[in-house]
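Read the structure below first, then the notes.
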Protein chains: 2
Amino acid sequence: MYTFAEENYIKAIFKIAEREQNSVGTNAIAKVMSTSAASVSDMLRKLSDKGLIHYEKYKGVTLTHDGSRLATQLIRKHRLWEVFLVDKLKFRWDQVHDIAEELEHINSDELIRRLDVFLGSPKFDPHGDPIPNAQGKFTLRNQVTLTDLQLEQQGVLVGVKEHTTPFLEYLNELKIGLGTHMKIIKINAFDESITIIINQSQKHNISKKTAANLQVKVVK
Amino acid sequence: MYTFAEENYIKAIFKIAEREQNSVGTNAIAKVMSTSAASVSDMLRKLSDKGLIHYEKYKGVTLTHDGSRLATQLIRKHRLWEVFLVDKLKFRWDQVHDIAEELEHINSDELIRRLDVFLGSPKFDPHGDPIPNAQGKFTLRNQVTLTDLQLEQQGVLVGVKEHTTPFLEYLNELKIGLGTHMKIIKINAFDESITIIINQSQKHNISKKTAANLQVKVVK
DNA sequence: GTTTATTTTTAGATTTGTCTAAATTATGAA
DNA sequence: TTCATAATTTAGACAAATCTAAAAATAAAC
Ligand SMILES: [Mn+2]
Ligand SMILES: [Mn+2]
Ligand SMILES: [Mn+2]
Ligand SMILES: [Mn+2]
């Protein structure tokens, strides 16, 4: 139906639109796709012709209903495959993104329906990201980033914003994973780094940048 | 590393070379790939440049060592995925070929290594075809086609030559699958059709063409 | 051993996705 | 408001994979 390239652009547009609120610009897409603005312009015309985006020259783009559905289905497939790789094939959470990036393009509704059943219809992937259901609806969850917590407050890690291998390997070294309990015991005014206690035992000092990529559920 | 198109050509050449003994011609490849002889000529030059085939104009091709290894690895991936789809996701054997045709191109040695372990290192796929090991070696097996059996001889189905959905669905209707016991009780001289008894109960008359696509292990 | 017929290759085009360089439009600072 | 800068699109080109039509090489028939 759609080429890999088209699908990857649609996913990129969806993800940019998720954080920025307004319409998505050519340069922003070029950056995410690691390509030139000229190539993006070419592709936007094509995606518009196929009815996946609303596009007016120089005005940026938004996804159409069809584009939005395609994006959520790709995200659903990507995250279900990640669950498969970690739960069934015993990959670590830092190894699965690139493989899922290929698997997400396999074209079979029946395959995804059965994979979902096989995995027990998981609601979150190995990085804590919600898996949209077959209708594209995401499960919402109360969460804040670790930087939002006050001194002495506690939280349980439920997600990570950054998915790159170096970041996840760093968390592995620190023995931080989904479900890890964290308590803020010091906030350094100088560089905004924070000191935390992991699972009531290990003490670590982490940068603001790291903390900003950790999503936690507050516990009392 | 290689494009999907290149991989599919290499697989096609391997499969043709498997039955015909001599070097593989342009038209034979074009037929298998459902494309024009001109397109095949273009691609052969490319595959030769990449060191995957031995190619001399007008003389047909053979796979190089690298080409042969690529082919067996693709077949290994294809058949392991078919086992996954049938054993784990409960697809029927007639539903899995096309999906595996896509999955075989996913690029990760670690993925296949782990998939193999997860599936218990199966030696045969859902159609009874041998799965080459990581070194490309196939498990051999004593087998003949059903047309080779004499009157009153018995066999157990261990493989099918044809993998198309219509053929496999026809076998489903007849309740014939891998492991099915068959005894020849009549050979019709006129059209060479044969009458068999399935699992000591059901009686069926099947055409010579059907019989020629059933591979059995002889039992005494 | 010529002459057909078949097989295979080349020529010239097309589509997809990409590029660099240049032109155009929009924006924001003075 | 005008001018400089940034964002975006267009122009022209290229590699990959395909096509049809035509030419060339090989094989088969007589
Ligand atoms: Mn992708
Ligand atoms: Mn993920
Ligand atoms: Mn294939
Ligand atoms: Mn098979």
Side-chain angles (χ1 to χ4, degrees), chain A residues 1-14 16-17 19-63 67 70-71 74 101-102 104-105 107, chain B residues 1-14 16-17 19-63 67 70-71 74 101-102 104-105 107:
Chain A
M1 194 60 171
Y2 302 109
T3 66
F4 285 21
E6 287 166 351
E7 291 190 342
N8 285 336
Y9 272 96
I10 290 299
K11 228 178 40 148
I13 293 166
F14 183 92
I16 296 164
R19 41 186 164 84
E20 329 279 337
Q21 290 310 338
N22 39 1
S23 76
V24 176
T26 302
N27 269 345
I29 299 169
K31 195 173 178 187
V32 171
M33 298 291 296
S34 304
T35 189
S36 68
S39 300
V40 175
S41 268
D42 287 344
M43 182 57 92
L44 292 183
R45 196 183 29 69
K46 215 175 308 176
L47 295 175
S48 178
D49 290 349
K50 293 204 176 186
L52 293 173
I53 59 172
H54 297 294
Y55 177 43
E56 225 184 319
K57 277 197 269 196
Y58 294 101
K59 296 292 173 59
V61 299
T62 55
L63 293 177
L70 176 57
L74 285 165
E101 206 59 45
E102 295 191 45
E104 74 190 8
H105 300 290
N107 204 340
Chain B
M1 193 63 169
Y2 302 109
T3 66
F4 284 21
E6 287 166 352
E7 292 190 342
N8 286 335
Y9 272 97
I10 290 297
K11 227 178 39 147
I13 293 166
F14 183 92
I16 297 165
R19 41 185 164 84
E20 328 281 336
Q21 290 308 340
N22 38 2
S23 76
V24 177
T26 302
N27 267 346
I29 300 168
K31 196 174 178 186
V32 170
M33 298 291 296
S34 304
T35 188
S36 69
S39 300
V40 175
S41 268
D42 288 343
M43 182 58 92
L44 292 183
R45 195 184 31 67
K46 214 176 309 174
L47 295 175
S48 178
D49 290 349
K50 294 203 176 185
L52 294 173
I53 59 173
H54 297 293
Y55 176 44
E56 224 185 316
K57 276 196 270 194
Y58 294 101
K59 295 292 171 59
V61 298
T62 56
L63 292 177
L70 177 57
L74 285 165
E101 206 59 45
E102 295 191 46
E104 72 190 9
H105 300 291
N107 204 340

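Naming convention: chains lettered A, B, ... in sequence-line order (proteins, then strands); numbering from 1 in each chain. On a predicted model such as this, the values are computed, not experimentally measured, just so you know.
Taking 4.0 Å as the cut-off between side-chain N and carboxylate O, A/E6 and A/K46 do not count as a salt-bridged pair.
The salt bridge (charged side-chain N to carboxylate O under 4.0 Å, His left out) test applied to B/E101 returns B/K11, not counting sequence neighbours. B/T3 pairs by the side chain to side chain donor-acceptor pair (under 3.5 Å) definition with nothing, not counting sequence neighbours. By the ring-ring contact (aromatic ring centres under 6.0 Å, His included) test, A/Y58 pairs with no residue at all, sequence neighbours left out. Applying the ring-ring contact (aromatic ring centres under 6.0 Å, His included) criterion to A/F4, with sequence neighbours excluded, gives A/H105, B/F4.
One can place CD of B/E6 at 12 Å from C1' of D/dA15, the figure rounded to the nearest angstrom.
In this structure, the side chains of B/N22 and B/T62 stay at 4.5 Å or more apart for every pair of heavy atoms. In this structure, the side chains of A/T35 and A/Y9 come closer than 4.5 Å at one or more pairs of heavy atoms. Side-chain contact check for B/F14 versus B/L70: every heavy-atom pair is 4.5 Å or farther apart.
For DNA chain C, the outermost nucleotides in 5' to 3' order that have an atom under 4.0 Å from a heavy atom of chain A are C/dT16 to C/dA26.
Taking side-chain N and O atoms only, B/Y9 has a distance below 4.0 Å to OP1 or OP2 of D/dT18. Between B/S36 and D/dT18, a side-chain N or O to OP1/OP2 separation shorter than 4.0 Å is absent.
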So if I define the base as every atom that isn't primed, P, OP1 or OP2, how would nucleotides 2-10 of chain D read as a B/S/- string at a heavy-atom cutoff under 4.0 Å? -----SBBB

